[in-house]
> 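The structure's right below; bear with me while I get my questions together.
Just follow the structure's listing: the first ligand is 1, and inside any ligand the first atom is 1. Since we're looking at a predicted model, the values are computed, not measured.
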Amino acid sequence: MTPVITIDGPSGSGKGTISQLVAERLGWHLLDSGAIYRVLGLAADRAGITAQQPAELAALARSLELSFQGGRVLLGDEDVSQLIRTETAGNAASKVAALPQVRTALLDWQRAYAKVPGLVADGRDMGTVVFPDAAVKIFLTASAQERALRRYKQLKGKGLDANLARLVAEIQERDDRDQNRSVAPLKAPAAALEIESTSLSIEEVLKRVLERVYKTYPGLAVPAT
Ligand code: DC
């Protein structure tokens with residue numbers, strides 16, 4: 001069976017960055033499942049389909065022309081990597097992601113990413129629903145205040161306008177929706193290594209994750225860097 005490492009957590013917990021670093025370090029594939037929901041939110045918006053139309057959304061999910069190329073996310077031929085990273089896109093993603101029909105439509109597709117030599121899967125339900133048999137499960141958290149602050153600095157760093165209080169409110173609203181939906185809610189999988197990263201650097205988090213990985217797979221061949 002292909003080895004899978006799942007990294008789940010709320011938005012802004014740093015799981016995207018950590019997942020990417022772990023995948024690079026091991027030379028494994030990476031699944032950014034949030035990007036799938038983000039692209040679906042965007043495609044739905046363009047097609048005029050709302051969260052009140054679950055059957056239409058599930059059909060759209062099944063026919064979604066999404067591909068990952070290097071670090072880029074494509075919808076058909078269009079590079080939507082930047083477009084899907086806005087707060088608006090994140091909220092749209094969280095709304096379509098709350099629909100059971102949509103999640104079911106995307107299950108097999110996500111599982112197909114588990115290919116040799118291994119997969120690092122980043123999301124909300126990677127360890128609980130999509131890859132319940134994964135040998136390494138990580139649950140990454142940080143306070144809403146800290147996550148909003150990270151996002152604030154990121155936006156300011158790009159020269160964009162940002163309001164910290166609004167970001168905190170948006171993050172809490174999204175957490176609330178992701179944690180309280182009826183299917184695949186955001187929660188720590190059983191036996192997950194939980195890392196509270198509020199006062200940890202990326203390097204410290206990465207070190208803890210890799211320690212768990214090497215403990216689980218002692219013979220793991222790490223590609224030369
Ligand atoms: O990880 P992210 O912020 O890119 O995810 C965007 C939204 O997609 C998030 O608010 C909830 C949803 N999502 C999900 O429901 N399940 C996943 N496995 C990944 C993301």
> Considering heavy atoms of the protein only, find what lies nearest to atom 7 (C) of ligand 1 and give residue, atom and distance to 0.1 Å.
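Atom 7 (C) of ligand 1 sits closest to the protein heavy atom Ala93 CB, 3.7 Å.
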> What residue and atom, counting heavy atoms only, is the protein's closest point to atom 9 (C) of ligand 1, and at what distance?
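Result for atom 9 (C) of ligand 1: Arg124 NH2, 3.2 Å.
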> Report the nearest protein non-hydrogen atom to atom 20 (C) of ligand 1: residue, atom name, distance rounded to 0.1 Å.
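Protein heavy atom with the smallest distance to atom 20 (C) of ligand 1: Gly34 CA, 3.5 Å.
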> Quick one: which of Thr2, Leu119, Ile5 gives a side-chain contact (heavy atoms from CB on, under 4.5 Å) with Trp28?
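Per the side-chain contact (heavy atoms from CB on, under 4.5 Å) rule, the option paired with Trp28 is Ile5, out of Thr2, Leu119, Ile5.
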> Among all protein heavy atoms, pick the one closest to atom 16 (N) of ligand 1 and tell me residue, atom and distance.
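Among all protein heavy atoms, the one nearest atom 16 (N) of ligand 1 is Arg103 NH2, 3.0 Å.
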> One pair to check against side-chain hydrogen bond (donor to acceptor under 3.5 Å, both in side chains): Thr17 and Arg150. What are the steps and the verdict?
CA-CA 12 Å; Thr17 306; Arg150 289 176 189 172; over 6 Å; no
> Backbone, side chain, both or neither: what part of Lys95 comes under 4.0 angstrom of ligand 1, heavy atoms only?
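It is neither; nothing of Lys95 touches ligand 1.
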> Can you pull out the closest protein heavy atom to atom 4 (O) of ligand 1? Residue, atom name and distance to 0.1 Å, please.
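Nearest protein contact, heavy atoms only, for atom 4 (O) of ligand 1 is Arg38 NE, 2.6 Å.
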> Short list, please: which atoms of ligand 1 are under 4.0 Å from a heavy atom of Asp178?
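Near Asp178, meaning under 4.0 Å from one of its heavy atoms, ligand 1 has 9 (C), 10 (O), 11 (C).
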> Name the option, out of Ala35, Ser33, Gly127, that contains the heavy atom nearest to atom 19 (C) of ligand 1.
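That would be Ser33.
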> Is the shortest N/O to N/O distance between Gln110 and ligand 1 below 3.5 Å?
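Among all N and O atoms of Gln110, none is under 3.5 Å from an N or O of ligand 1.
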> May I ask you to list the atoms of ligand 1 that are less than 4.0 angstrom from any heavy atom of Met126?
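Numbered from 1, ligand 1 contributes 18 (N).
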> Any side-chain to backbone donor/acceptor pair from Lys137 onto Pro132? Under 3.5 Å, distance only.
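Present.
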> Under 3.5 Å, is there a donor-acceptor pair between the Gln82 and Arg85 side chains?
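Checked: Gln82/Arg85 side chains show no N/O donor-acceptor pair below 3.5 Å.
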> Any N or O on Asp122 sitting closer than 3.5 Å to an N or O of ligand 1?
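Min N/O separation from ligand 1 is not below 3.5 Å for Asp122.
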> Should the proximity of Arg177 to ligand 1, defined as any heavy atom under 4.0 Å, be assigned to the side chain, the backbone, both, or neither?
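Neither; no heavy atom under 4.0 Å.
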> Any atoms of ligand 1 less than 4.0 Å from a non-hydrogen atom of Arg181? List them with their elements.
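Heavy-atom distances to Arg181 below 4.0 Å select 14 (C), 15 (O), 16 (N).
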> So is Asp32 polar-close to ligand 1, meaning N/O to N/O under 3.5 Å?
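No, since none of the N or O atoms of Asp32 sits under 3.5 Å from an N or O of ligand 1.
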> If you look at every heavy atom in Ala51 and Leu57, which pair is closest and at what distance?
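Between these two residues, the closest heavy atoms are CA-CD1, 3.9 Å.
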> In terms of residue, atom name and distance, what is the protein heavy atom nearest to atom 8 (O) of ligand 1?
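Heavy-atom neighbour on the protein nearest atom 8 (O) of ligand 1: Tyr37 CB, 3.6 Å.
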> Between the main-chain N or O of Gly90 and the side-chain N or O of Ser94, is there a donor-acceptor pair closer than 3.5 Å?
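Side chain of Ser94 to backbone of Gly90: no pair is present.
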> Any donor-acceptor pair under 3.5 Å linking the side-chain atoms of Thr198 with those of Glu196?
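There is such a pair (donor and acceptor under 3.5 Å, judged by atom type) between the side chains of Glu196 and Thr198.
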> Which ligand 1 atoms, with their elements, are less than 4.0 angstrom from a heavy-atom of Gly123?
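Those qualifying, in numeric order: 18 (N), 19 (C).
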> Look at atom 12 (C) of ligand 1 and say which protein heavy atom is nearest, naming residue and atom and giving the distance to 0.1 Å.
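Answer, as residue, atom name and distance: Ala97 CB, 3.7 Å.
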> Which heavy atom in Phe68 sits nearest to a heavy atom in Asp32, and how many Å separate them?
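The pair with the smallest heavy-atom distance is CZ-O, 3.8 Å.
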> Going from CZ on Phe131 to CD on Gln110, what distance comes out if it is rounded to the nearest 0.5 angstrom?
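Reported to 0.5 Å precision, the distance equals 7.0 Å.
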> Within a 6.0 Å radius of atom CG on Asn180, are there more than 12 heavy atoms belonging to other residues, nucleotides or ligands?
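Counting other residues, nucleotides and ligands, CG of Asn180 exceeds 12 neighbours.
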> At less than 4.0 angstrom from any non-hydrogen atom of Lys15, what atoms of ligand 1 do you find?
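Every atom of ligand 1 under 4.0 Å from some heavy atom of Lys15: 1 (O).
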> With the threshold set at 4.0 Å, does a side-chain nitrogen-carboxylate oxygen contact exist between Arg174 and Glu170?
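Answer for the salt bridge query: no.
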